[in-house]
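Read the structure below first, then the notes.
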Amino acid sequence: MRYELIIFDNDGVLVDSEPISNRLLAAHLTELGVPTSYEDSLRDYMGSAMHRIHDLVLERTGRRLPEDFDDVFHARVFAAFERELEPVRGAAEVLEKLAADGVPYCVASSGSHERIRVGHRTTGLDRWFEEERIFSSQDVGKGKPAPDLFLHAAERMGVAPERCAVVEDSPLGVQAAVAAGMDVYGFTAMTPAERLTGATRLFAAMRELPDLLIRP
């Protein structure tokens, strides 16, 4: 293995949550008088922490979102997760292989710890993630594209940034990994390859990932 730590993004990489959450986010913002399409949400907010949504809406409209925005949104998302959420195809097999080969891995997500846990429990991926393998933007206070979350995860796992590989599907995540000095593997199952500029390698199916991590 070329790397000493594999850092996975969560939404869209391990759990197939992006279609659900962006559909609900677009609807919620539109209800609040900020017209947003599903495509707008994917373009502007995919891979971002909640504070970035608040910041962009304020910047663009001069209005602050309601104080209960996060709570209402998360309640809707978690309810939908329970009904609809599935793991990304091939994700469990990749985790099983890494564990069998003794390769350290973790998850570093813009989502909250609660969101990560709900998603993993619903999809059965929780068996692969003890608490010490889970990192959230909540831990650092500054989400992607800042490198803080990935650097925090590497430090806590005891691995130098240059020995880490990040698996990401959002432009913000790729930017964060590059800023952290880490190789980044861009997952194009949902994101057009041209939007993942800066990725070390691109791949379209999770089954391709183990070989990419081994080969130069």
Side-chain angles (χ1 to χ4, degrees), residues 2-15 17-18 21-22 25 41-60 64-65 69-71 73-74 77 95 98 103-120 125 128-187 190-191 195-202 209 213:
R2 300 165 57 197
Y3 302 102
E4 295 175 12
L5 176 65
I6 312 302
I7 304 176
F8 290 92
D9 175 42
N10 191 54
D11 295 292
V13 171
L14 296 176
V15 297
S17 54
E18 293 292 8
S21 57
N22 281 282
L25 178 58
S41 185
L42 288 176
R43 183 192 65 230
D44 295 339
Y45 304 120
M46 182 174 166
S48 66
M50 292 300 292
H51 68 79
R52 188 170 187 273
I53 300 172
H54 289 263
D55 292 346
L56 280 180
V57 169
L58 179 61
E59 177 185 319
R60 292 172 174 178
R64 295 187 183 278
L65 291 171
F69 177 85
D70 292 13
D71 290 340
F73 174 63
H74 283 136
V77 167
L95 294 170
L98 292 177
V103 179
Y105 63 89
C106 65
V107 61
S109 173
S110 293
S112 66
H113 278 278
E114 184 182 12
R115 176 175 172 136
I116 297 167
R117 276 300 185 196
V118 169
H120 286 186
L125 296 183
W128 304 109
F129 289 97
E130 304 90 348
E131 193 61 40
E132 58 268 22
R133 295 183 190 267
I134 298 176
F135 304 98
S136 161
S137 61
Q138 287 180 313
D139 302 331
V140 294
K142 194 173 185 181
K144 307 166 189 178
D148 304 40
L149 175 56
F150 290 140
L151 292 172
H152 172 70
E155 180 181 12
R156 289 291 299 274
M157 296 293 289
V159 178
E162 63 270 18
R163 300 301 304 157
C164 298
V166 174
V167 185
E168 265 288 354
D169 72 328
S170 76
L172 294 175
V174 170
Q175 292 171 41
V178 170
M182 301 176 180
D183 283 354
V184 55
Y185 291 77
F187 186 38
M190 199 173 151
T191 306
R195 295 200 64 212
L196 299 181
T197 303
T200 307
R201 297 282 294 275
L202 299 172
L209 183 61
L213 295 173

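Everything numeric in this text was worked out from a predicted model, so none of it was measured.
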Please report the interatomic distance [atom1]([X]) to [atom2]([Y]), rounded to the nearest 0.5 Å.
X	Y	atom1	atom2	answer
I6	E4	CD1	CD	10.0 Å
L14	F187	CG	CZ	9.5 Å
K142	L149	NZ	CG	12.5 Å
S170	E18	OG	CD	7.5 Å
H120	R115	NE2	CZ	11.0 Å
R60	L56	CZ	CG	5.0 Å

Determine whether a donor-acceptor pair (N or O, by modelled atom type, separation under 3.5 Å) exists between the side chain of [X] and the backbone of [Y].
X	Y	result
H51	G143	yes
H74	D70	yes
Q138	H113	yes
S109	S136	no

Check: Stepwise, does the side-chain contact (heavy atoms from CB on, under 4.5 Å) test hold for V184 with V178?
Finding: CA-CA 7 Å; V184 55; V178 170; 4.1 Å; yes

Margin query: Heavy-atom count check: over 12 atoms from other residues, nucleotides or ligands less than 6.0 Å from R64 CZ?
Written below: no

Margin query: Using a 6.0 Å cut-off, check whether atom CD of E162 has over 12 heavy atoms from anything other than its own residue.
Written below: yes

Notebook entry, point to check: Quick one: do R117 and E114 make a salt bridge, cutoff under 4.0 Å?
Noted result: no

Item checked: Carboxylate-amine/guanidinium proximity below 4.0 Å for R156 and D139 -> no

Looking only at non-hydrogen atoms, find the nearest pair between [X] and [Y] and report the distance.
X	Y	answer
G173	F150	O-CE1, 3.6 Å
C164	A154	SG-CB, 3.8 Å
A199	G186	CB-N, 4.0 Å
M182	L151	CE-N, 4.2 Å
E168	V166	CG-CG1, 3.7 Å
A153	I7	CB-CD1, 4.4 Å

Note to self: Apply side-chain contact (heavy atoms from CB on, under 4.5 Å) to residues V57 and Y45 and explain how you reach the verdict.
What the structure shows: CA-CA 11 Å; V57 169; Y45 304 120; 3.8 Å; yes

Check: Going by distance alone, is a donor N or O of one side chain under 3.5 Å from an acceptor N or O of the other, for D11 and S17?
Finding: yes

Notebook entry, point to check: Between the side chains of S110 and R52, is a donor N or O closer than 3.5 angstrom to an acceptor N or O?
Noted result: no

Next item on the list: Indicate yes or no: at least one non-hydrogen side-chain atom of L42 is less than 4.5 angstrom from one of M190.
Entry: yes

Next item on the list: Assess whether side-chain contact (heavy atoms from CB on, under 4.5 Å) is satisfied between V15 and N10, documenting all intermediate values.
Entry: CA-CA 6 Å; V15 297; N10 191 54; 3.7 Å; yes

Next item on the list: Walk me through it: do F8 and L209 pass the test side-chain contact (heavy atoms from CB on, under 4.5 Å)?
Entry: CA-CA 12 Å; F8 290 92; L209 183 61; 3.9 Å; yes

Check: Is R133 positioned over the aromatic face of Y105, cation under 6.0 angstrom from the ring centre and no more than 45 degrees off axis?
Finding: yes

